[in-house]
Amino acid sequence: MIMERIRKEYSNKKLGEILVGQGIITTQQLEKALKSQQKGNNKKIGEILIEMGALTKEELYQVLQHIYETEYVDLTKLVIDPEIISVIPEKIALQFKLIPLSVDKDELVIAMANPFDVHAIDFVKGITKKNKVKCVLSDEEDIINTINSYYKLGEYDDILNKLDTEVILKEEEREEDLRELEAISREAPVIQLVNMLIVQGVKDRASDIHLEPNEKGILVRFRIDGILHDIRNLPFKVKSAIVSRIKILSKMDIAERRLPQDGGFQVQFGSKEVDIRVSTIPTIYGEKTVLRLLDKSKGLIELEQLGFSTPQLNQFKNMINKSYGIILITGPTGSGKTTTLYAALNRMDYKQKNIITIEDPVEYKLNRINQIQILPKINLNFANALRSILRQDPDIVMVGEIRDRETAEIAIQAALTGHLVLSTLHTNDAASALTRLVDMRIEPFLISSSVIGVLAQRLVRVICEKCKEEYPPPPEILKELDLDQNNQVKLYRGAGCPLCKDTGYYGRTSIYEILELDERIRSLILSKTSSDIIKEESIKKGMKTLRESGLEKALQGITTIEEVLRVAG
């Protein structure tokens with residue numbers, strides 16, 4: 001009864017008055033809309049005002065979410081896990097104009113056109129056996145379109161057969177072509193196709209989805225455990241529509257096809273939240289699109305889970321416990337440097353220390369740590385941000401990457417003035433990071449005075465436990481790795497199974513090389529010695545190289561010799 005009274009209070013007329021009171025529409029516009037409704041227009045007052053151009057959809061739902069006291073969810077920018085969809089039958093979803101979005105423990109979240117529909121909520125509780133049902137507000141038309149998209153989610157071929165329309169944009173695209181392309185990209189088959197690619201990517205543990213245009217259409221490739229795999233070819237007719245759909249989700253300009261663009265969006269798979277970063281570049285066959293998938297639900301990894309050997313772990317812990325100096329982590333893109341940085345920050349005493357990070361992009365939100373997102377468009381780069389945060393009384397500073405001399409100089413000065421600085425460089429090994437700073441025209445005495453140590457890392461694939469098997473190592477492998485051929489060396493590999501998709505690998509772990517500076521290394525830096533000599537000296541003092549760390553994991557049955565040689569040479 002209370003819900004019914006609230007619903008009567010916020011009748012169409014009441015909504016109109018609120019819109020007038022907020023200055024969103026005029027009294028004349030409201031009167032015109034009410035007259036249209038009285039003449040037999042069965043649409044709601046909000047829909048009529050939108051058709052008149054007096055109101056935008058965003059403005060309407062901004063008001064409605066306050067009336068209904070719930071948040072508004074734009075379903076056109078959401079990807080839902082198909083397993084969640086199956087919680088409510090299609091017939092019920094259509095009857096009550098609702099769709100399930102996520103399930104968290106005992107709470108089901110549903111999007112409804114009318115969150116005051118108590119009968120519908122009670123019915124959903126009954127059929128799902130959920131004690132808690134949280135309702136969010138969504139557009140009725142979007143709900144119906146989403147129902148049609150998800151409940152009729154079929155095979156790729158079925159969806160592709162529905163896509164008969166093809167838009168080919170010329171060099172000088174016409175406005176009507178772009179409008180038609182945007183309309184097609186919002187149709188159910190295109191939405192289904194993009195959703196299926198993302199869902200499949202998440203389920204296959206892909207870190208990246210590559211959509212590569214060619215003469216025939218689009219080649220879809222997934223990067224799984226660091227290796228690209230061909231997944232399927234999509235026909236030419238869907239090329240423009242798929243890229244446009246992804247651009248709409250990522251808030252990118254669908255009309256701009258000559259310049260690279262970046263964007264992103266979030267998707268929810270039950271309790272799993274996935275950030276998707278999108279990048280497009282122009283090629284001779286059209287735009288190549290890459291979607292990077294970042295599963296936030298996995299949370300932060302502890303240092304002990306990263307792959308350090310016990311001596312390496314203790315050595316790295318001692319380094320990050322220093323009160324000042326700079327620690328550098330090196331490796332190519334995708335080698336896990338950011339994960340190691342986050343694990344290190346998560347270990348630090350953030351209750352008693354002021355920790356500030358500068359990142360591009362911010363991948364995980366850390367509790368009680370001040371994180372800054374780089375914005376090059378407004379000249380908020382690493383150097384400018386770092387210069388500013390040193391006036392914020394920080395104890396620990398994390399700089400996502402040292403890209404230039406200016407950033408390197410400020411980071412080193414911060415390390416010399418009592419701050420602990422963590423950052424990354426793109427070099428092949430630990431010793432090369434020191435000579436890279438010299439190449440940036442940083443004075444050797446500043447490097448030797450400020451750098452605590454350098455950690456180089458790579459990611460190697462882990463042998464699948466389901467199909468793991470022992471095999472006798474070939475003599476040539478033993479010889480190449482300087483292993484005693486008389487000893488009983490055990491090596492392992494994956495035979496291939498459905499779990500690992502016949503690759504023999506499932507998941508990845510890290511291998512490390514830690515160079516900690518001592519007096520001898522510092523003197524070599526001061527004399528501008530080459531990285532090879534610095535590396536040789538570090539090995540004499542007990543440093544394990546990336547190759548040796550990988551070999552140790554191969555002998556432990558964690559990875560294979562072939563994988564170590566592929567990654568570490």
Exercise. State plainly whether the residues Glu256 and Arg258 are in salt-bridge range, i.e. N to O under 4.0 Å.
Key: yes
Quiz item: Quick one: does Lys337's side chain have a donor or acceptor within less than 3.5 Å of a partner on His426's backbone?
Solution: no
Practice problem: Please confirm whether the backbone N or O of Val362 pairs with a side-chain atom of Gln371, one donor and one acceptor, at under 3.5 Å? | Solution: no
Quiz item: When you measure from the side chain of Lys553 to the backbone N and O of Gly307, does any donor-acceptor pair fall under 3.5 Å?
Solution: yes
Quiz item: Under a 4.5 Å cut-off applied to non-hydrogen side-chain atoms, are Ile327 and Glu516 in contact?
Solution: no
Self-check item: Residue pair Leu420 / Lys353, side-chain heavy-atom distance below 4.5 Å
Solution: no
Quiz item: More than 12 non-hydrogen atoms from neighbouring residues, nucleotides or ligands closer than 6.0 Å to NZ on Lys501, yes or no?
Solution: no
Quiz item: Is any NZ, NE, NH1 or NH2 atom of the basic residue among Arg257 and Glu287 found under 4.0 Å from an Asp or Glu carboxylate oxygen of the other?
Solution: no
Exercise. Begin with the C-alpha distance, continue with both residues' side-chain angles, and end with the deciding distance and a verdict on salt bridge (Lys or Arg N to Asp or Glu O under 4.0 Å) for Arg387 and Glu406.
Key: CA-CA 10 Å; Arg387 193 180 289 107; Glu406 187 180 10; 2.4 Å; yes
Quiz item: With respect to Leu211, which candidate in Val243, Ile246, Leu219 satisfies the side-chain contact (heavy atoms from CB on, under 4.5 Å) definition?
Solution: Ile246
Quiz item: Are more than 12 heavy atoms from other residues, nucleotides or ligands located less than 6.0 Å from atom CG of Asn214?
Solution: yes
Under 3.5 Å donor-acceptor pairs involving side-chain atoms of residues 393-400, not counting sequence neighbours:
unit_1	atom_1	unit_2	atom_2	d
Asp395	OD2	Asn354	N	2.7

Quiz item: Crowded around Lys544 NZ? As in, over 12 foreign heavy atoms under 6.0 Å?
Solution: no
Quiz item: Ion pair present between Glu304 and Lys317, side-chain N to carboxylate O less than 4.0 angstrom?
Solution: yes
Practice problem: Check step by step if salt bridge (Lys or Arg N to Asp or Glu O under 4.0 Å) holds for Asp225 and Arg205. | Solution: CA-CA 8 Å; Asp225 294 333; Arg205 302 179 298 109; 3.0 Å; yes
Quiz item: How about Leu328 and Leu437: do any of their side-chain heavy atoms sit closer than 4.5 Å?
Solution: yes
Quiz item: Counting heavy atoms not belonging to Glu470, are there more than 12 under 6.0 Å from its CD?
Solution: yes
Exercise. Report yes if the side chains of Phe316 and Leu306 come closer than 4.5 Å at any heavy-atom pair, otherwise no.
Key: no
Quiz prompt | Gln352 atom CD, over 12 foreign heavy atoms within 6.0 Å | solution = no
Quiz item: So with a 6.0 Å cut-off around OH of Tyr324, is the heavy-atom count from everything else above 12?
Solution: no
Quiz item: Just by modelled atom types, is the Ile514 backbone N or O under 3.5 Å from a matching donor or acceptor in the Gln312 side chain?
Solution: no
